[in-house]
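First comes the structure, then the notes that go with it.
Every chain is numbered from 1 and lettered A, B, ... according to where its sequence line falls, protein lines coming before strand lines.
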Amino acid sequence: MDKTHKQQYFSTELLSWYLRHRRDLPWRRSKNPYYIWISEVMLQQTRVDTVIPYFHRFVERFPTVQALAEAPEEDVLKLWEGLGYYSRARNLQGAVREVHERYEGTVPNTKAEISSLRGVGPYTAGAILSIAYNKPEPAVDGNVMRVLSRYFLIEEDIMKPKTRILMEKLAQKLIPEGTAGDFNQALMELGAMVCKPRSPICLTCPVMEHCAAREAGMEEELPIKKKAKPPRPEWRMAALIAGSGDHAGKVLIRQRPQEGLLARMWELPHTEVPFSYKEAQPSSAEAVPVLFDLLVEQLAEETIGVVPERWFMHAEHTFSHIHWDMQIVLCSMEPGVLPTDAGMLLPTHYQWVDSKAMEAYAFPNVFLKILNQYFASCSKK
DNA sequence: AAAGCGGGGCA
DNA sequence: TGCCCAGCTTT
């Protein structure tokens, strides 16, 4: 079988398989470019099952370009809470505002215009152009690179930008006339459902017969991929500061800086513990006073005077590049030190919240879990 | 080219 | 419990 026929066989069989087996996903029920856009941004680095409930809530609250463009950023961040990579949400809203103003609310349909939008890279541009507008542009994500590297036995490192370019050229050639949207989704669907990263289900694959990796017994070896560096460890001490008086039943939360990790999200006040404190790292209820002092000093710099009371819990959280090992300590406010409950002002990036008031602030999952556990333990008593 | 940026699923 | 997944932006 020559090269052209092998490609034609692949495209035809794959497309036919997709039309018979495609999942009924919320964003496949519409060709609204705005909905396709939202789904594609949410699906970056994120599984379908995770995205579905977020997608429903998001389009219900922001049904149009105008609705999202005019929404407060905190509302958008709150609806993204738990989904991760929060710059996606801020970039999406920024880009939607641009579409609202510059394109009168119509998502552009040219490669140059759509690629200029914040948060829209080569994959997302291709996905929107092909799925919403049926333009013959490739949409190469991890699924597609895995499928193509196996079927065509491509042994280039898929982490290299050059490999993605190569895959895009190949993927574009494979698109049958007039079927770009379905064909691109077919490639991704095969990668998600059949040609999986581990233990691919080759026996049900519509193109198994001519899969080069399968013929070579290499399907588990591909794609070739350089290993990522392990996350660097960090120790942290967080304070659960219980309010009294007017703030009884509430705890103090803090907003993170405008830029960087978890930008503008809310958290428990906390501090990094230098590794020089290795011996003192508390792993249980026997928290060490010197670490309490560290936390007290750190918060004092932000004019928050606290008194550590007792150890509450341990939490671990892994980002792609950092691993947090965190001890959480129950604290009370120090009487007579700013800010007190007697009407002194908190810094603006601090707030008192109870379980109900938390609904107005977006938290990373790690702090959400701690706070929920804390309020649950309070209501039990 | 490399690093920063979350969170969840699976064997 | 350890390993895997991987798109866009910034440096």
Side-chain angles (χ1 to χ4, degrees), chain A residues 37-54 77-95 114-128 137-150 156-165 167-168 171 184 187-188 191-193 195-201 220-234 256-267 315-326 362-370:
Chain A
W37 184 7
I38 291 168
S39 72
E40 289 302 337
V41 172
M42 287 186 170
L43 286 163
Q44 290 166 9
Q45 323 290 293
T46 313
R47 315 177 115 76
V48 165
D49 289 345
T50 306
V51 166
I52 288 173
Y54 282 91
L77 210 53
K78 184 64 184 176
L79 276 190
W80 210 271
E81 180 183 76
L83 203 51
Y85 288 121
Y86 300 97
S87 65
R88 290 185 296 174
R90 292 188 297 269
N91 285 340
L92 174 62
Q93 192 186 25
I114 204 161
S115 300
S116 74
L117 297 169
R118 290 193 65 76
V120 178
Y123 165 74
T124 308
I128 297 170
E137 295 287 343
V140 173
D141 70 348
N143 288 306
V144 174
M145 288 203 275
R146 185 170 58 254
V147 169
L148 296 181
S149 70
R150 285 175 178 166
E156 312 287 327
D157 179 351
I158 62 164
M159 297 302 279
K160 292 198 161 119
K162 267 179 65 179
T163 308
R164 201 204 74 234
I165 305 282
M167 296 276 187
E168 282 172 350
N184 284 347
L187 271 171
M188 295 187 270
M193 306 303 291
C195 198
K196 299 185 292 180
R198 279 173 295 184
S199 315
I201 316 167
E220 297 265 20
E221 269 52 63
L222 292 168
I224 305 290
K225 192 176 177 180
K226 199 175 60 198
K227 278 208 178 23
K229 283 203 296 189
R232 66 171 188 275
E234 281 184 9
R256 295 183 58 86
Q258 296 293 302
E259 307 280 323
L261 182 68
L262 302 169
R264 285 171 257 183
M265 305 277 290
W266 291 78
E267 64 180 6
E316 291 189 54
H317 189 71
T318 307
F319 304 94
S320 41
H321 58 309
I322 307 171
H323 177 85
W324 279 358
D325 191 316
M326 196 159 33
F363 297 89
N365 266 3
V366 57
F367 293 109
L368 218 45
K369 284 174 186 159
I370 297 165

**Asked** Quantified in whole Å, what is the C1' atom distance between nucleotide B:dA3 and nucleotide C:dA6?
**Response** 14 Å
**Prompt:** Rounding to the closest angstrom, what is the interatomic distance between B:dG6 and C:dC4 at atom C1'?
**Reply:**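 Approximately 15 Å lies between the C1' atom of B:dG6 and that of C:dC4.
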Assign [X] to base, sugar-phosphate, or nothing according to its heavy-atom contacts below 4.0 angstrom with the strands shown.
| X | answer |
| --- | --- |
| A:R118 | sugar-phosphate |
| A:I322 | nothing |
| A:T124 | sugar-phosphate |
| A:D49 | nothing |
| A:V41 | nothing |
| A:K196 | nothing |
| A:Y85 | base |
| A:S320 | base |

**Prompt:** Around atom CD of A:E316, are there more than 12 heavy atoms of other residues, nucleotides or ligands at under 6.0 Å?
**Reply:**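 Yes, because the 6.0 Å sphere around CD of A:E316 holds more than 12 heavy atoms from other groups.
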Do [X] and [Y] make a side-chain contact, defined as non-hydrogen atoms from C-beta onward lying under 4.5 Å apart?
| X | Y | value |
| --- | --- | --- |
| A:Y86 | A:L262 | yes |
| A:Y54 | A:L79 | no |
| A:W80 | A:V41 | yes |
| A:R90 | A:R264 | yes |
| A:M145 | A:P223 | no |
| A:S320 | A:Y85 | yes |

**Request:** Output yes when A:E168 and A:R164 qualify as a salt bridge under the 4.0 Å nitrogen-oxygen rule, no when they do not.
**Result:**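 Counted as a salt bridge, because a side-chain N and a carboxylate O are separated by less than 4.0 Å.
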**Start and end of the DNA chain B segment that chain A contacts, any atom under 4.0 Å from a heavy atom** =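 In short, chain A contacts DNA chain B from B:dA1 to B:dG9.
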**Complete:** Rounded to the nearest 0.5 Å, the CE atom of A:M167 sits from the OG atom of A:S149 at a distance of 5.0 Å
**Message:** Could you tell me how far apart A:K160 (NZ) and C:dA6 (C1') are, to the nearest whole angstrom?
**Reply:**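 To the nearest whole Å, that distance equals 17 Å.
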**Message:** Between P on C:dG7 and CG on A:L43, what's the gap in Å once rounded to a whole number?
**Reply:** 11 Å
Ignoring hydrogens and angles, tell me if any N or O in the side chain of [X] forms a donor-acceptor pair with the backbone of [Y] under 3.5 Å.
| X | Y | value |
| --- | --- | --- |
| A:N184 | A:E137 | yes |
| A:T46 | A:V51 | no |
| A:R88 | A:Q44 | yes |

**Complete:** Per-residue pairing states of DNA chain C in dot-bracket (Watson-Crick or G-U under 3.5 Å; . unpaired, | other strand) read |||||.|||||
**Request:** Assign each of A:K229 and A:L83 to its nearest nucleotide of DNA chain B by heavy atoms, then name whichever residue's nucleotide is nearer the 5' end.
**Result:**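 Its nearest nucleotide being more 5', the pick is A:K229.
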**Item:** Given DNA chain B, 5'-ward residue of the pair A:K162 and A:E259, judged by closest heavy atom
**Value:** A:K162
Using a cutoff of under 3.5 Å, can you pull out all pairs of nitrogen or oxygen atoms linking the protein to nucleotides 3-5 of chain C, with atom names and distances?
none

